[in-house]
Amino acid sequence: MPNILEARDLAKYFGGVRALDGVTISVPERSIVGLIGPNGSGKTTLFNVVTGFYEPTRGEVLLKNNSGSMERIDGLNPNEVFLKGVVRTFQVPRLFTSLTVLENVLVTPPVQIGEKVLDAPFKSRWEKQERELAKKAVGLLKKFGMEKYVYSRITELSVAHIKLLETIRGLMTSAKLYLLDEPAAGVDYGVARELFNYIRGLREEGLTFLIVEHRLDVLMDYVDYVYVLHNGKLLSEGKPSEVVNDPKVIEAYIGG
Ligand SMILES: Nc1ncnc2c1ncn2[C@@H]1O[C@H](COP(=O)(O)OP(=O)(O)O)[C@@H](O)[C@H]1O
Ligand SMILES: [Mg+2]
């Protein structure tokens, strides 16, 4: 498969801190790629640079556009990157605390028909779509054990459920490439596997995923390829079985 995303020699410095320092990665279309590494190795920073939250200090980010060529997206702002078809979730969830669980899931997709000014007066056009989205949202909440909380407020949720909700919200948003930052953090093992099974199903439908995850026991069963960051640089890369047996990787995880 051709690449949908490429980062070339990507660097991001914060003063003297080299959060990313010359990282090159490729994400093929219709793949699930893992991005792992000890705390502080630069994973979230890479997401922030790819999705326009930070400008890189050096390097390029390229995304496959609709005509099939690779187009530079570094320098675009987060909304522009989103409109190109890239959705990301946050390691620390960003939810609307005044809204219910269901409302949080439904508020995201920005191109819902009802929000287009010209279509808004024609209620019948968007009512059906709203109902379908709500049905899909409830289905996902149920699948991940959150059916009890559909009408709860965010403040009533556990940390694990808040994390799941952040991911469900991202997955409800149409995109071609999803960047998920630790979707299984704190989530029960069984539910985490449900989540990754669902992600695998979306991949079969043609979507692409770059996933940061600490839960290697779950992640490694689902990814096609893994990149390992350490101190802002690529330490290793390969198929899951190659990476988990790489002495450099084992050392980095044990050494912290
Ligand atoms: N906005 C920032 N300002 C200063 N330093 C930052 C900022 N964001 C990240 N860092 C630093 O960059 C390094 C990588 O952080 P991060 O990308 O969050 O790592 P990871 O997600 O792999 O745990 C850390 O040393 C972190 O403290
Ligand atoms: Mg992080």
Side-chain angles (χ1 to χ4, degrees), residues 5-27 32-61 73-79 81-82 86-95 159-160 162-171 177-187 192 195-196 199 209-220 222-223 225-238 240 243-244 246 248-256:
L5 181 77
E6 289 172 12
R8 295 183 186 157
D9 189 30
L10 205 57
K12 178 67 187 174
Y13 301 166
F14 298 102
V17 177
R18 299 186 169 199
L20 277 182
D21 195 9
V23 171
T24 296
I25 70 166
S26 313
V27 179
I32 304 176
V33 173
L35 180 63
I36 67 169
N39 273 333
S41 56
K43 306 178 298 291
T44 296
T45 301
L46 188 141
F47 273 21
N48 282 329
V49 173
V50 166
T51 54
F53 285 82
Y54 296 151
E55 257 189 64
T57 306
R58 183 179 79 237
E60 297 180 356
V61 180
I73 59 164
D74 49 276
L76 299 186
N77 69 41
N79 193 50
V81 175
F82 171 78
V86 183
V87 157
R88 62 89 55 97
T89 64
F90 292 89
Q91 182 174 1
V92 179
R94 297 190 174 184
L95 300 167
V159 174
I162 288 174
K163 188 76 228 199
L164 266 175
L165 185 57
E166 167 78 10
T167 307
I168 292 170
R169 225 181 95 152
L171 296 176
L177 172 64
Y178 292 83
L179 274 56
L180 308 179
D181 202 343
E182 302 202 19
V187 173
L195 179 62
F196 274 86
I199 289 168
F209 294 86
L210 177 61
I211 305 179
V212 166
E213 188 52 73
H214 268 293
R215 299 275 296 276
L216 302 189
D217 54 337
V218 179
L219 183 82
M220 290 303 185
Y222 293 88
V223 285
Y225 201 81
V226 185
Y227 289 98
V228 188
L229 287 180
H230 188 40
N231 296 329
K233 292 179 194 286
L234 268 187
L235 178 71
S236 182
E237 65 178 278
V243 161
V244 293
D246 182 341
K248 290 197 300 291
V249 175
I250 296 163
E251 167 68 24
Y253 269 87
I254 295 166

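Every number for a ligand or one of its atoms is a count from 1 in the order of the listing.
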Check whether any side-chain N or O of [X] sits under 3.5 Å from a backbone N or O of [Y] as a donor-acceptor pair, and report yes or no.
| X | Y | answer |
| --- | --- | --- |
| Thr89 | Asp181 | yes |
| Glu213 | Ile36 | no |
| Thr24 | Asp9 | yes |
| Tyr227 | Gly37 | no |
| Lys163 | Gln91 | yes |

Find all protein N or O atoms under 3.5 angstrom from an N or O atom of ligand 1 and list the pairs with distances, or write 'none'.
from: ligand 1; atom 1: 1 (N); to: Tyr54; atom 2: OH; distance (Å): 3.1
from: ligand 1; atom 1: 17 (O); to: Thr45; atom 2: N; distance (Å): 2.9
from: ligand 1; atom 1: 17 (O); to: Thr45; atom 2: OG1; distance (Å): 2.5
from: ligand 1; atom 1: 19 (O); to: Gly42; atom 2: N; distance (Å): 3.3
from: ligand 1; atom 1: 21 (O); to: Thr44; atom 2: N; distance (Å): 2.9
from: ligand 1; atom 1: 21 (O); to: Thr44; atom 2: OG1; distance (Å): 2.9
from: ligand 1; atom 1: 22 (O); to: Ser41; atom 2: N; distance (Å): 3.2
from: ligand 1; atom 1: 22 (O); to: Ser41; atom 2: OG; distance (Å): 3.4
from: ligand 1; atom 1: 22 (O); to: Gly42; atom 2: N; distance (Å): 3.0
from: ligand 1; atom 1: 22 (O); to: Lys43; atom 2: N; distance (Å): 2.9
from: ligand 1; atom 1: 22 (O); to: Lys43; atom 2: NZ; distance (Å): 2.8
from: ligand 1; atom 1: 23 (O); to: Gly40; atom 2: N; distance (Å): 2.8

With sequence neighbours excluded, residues passing side-chain contact (heavy atoms from CB on, under 4.5 Å) with Asp217: Tyr189, Arg215
Which residues share a salt bridge (Lys or Arg N to Asp or Glu O under 4.0 Å) with Glu182, sequence neighbours left out: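 None.
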Exercise: do Arg88 and Asn48 side chains pair donor with acceptor under 3.5 Å: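 Distance-only check passes for Arg88 and Asn48.
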Near the Mg ion (ligand 2) (under 2.8 Å) - protein N, O or S atoms: Thr44 OG1, Gln91 OE1
Among Val49, Ile25, Thr57, Asp74, the one residue meeting side chain to side chain contact (heavy atoms under 4.5 Å, CB included) with Leu10: Val49
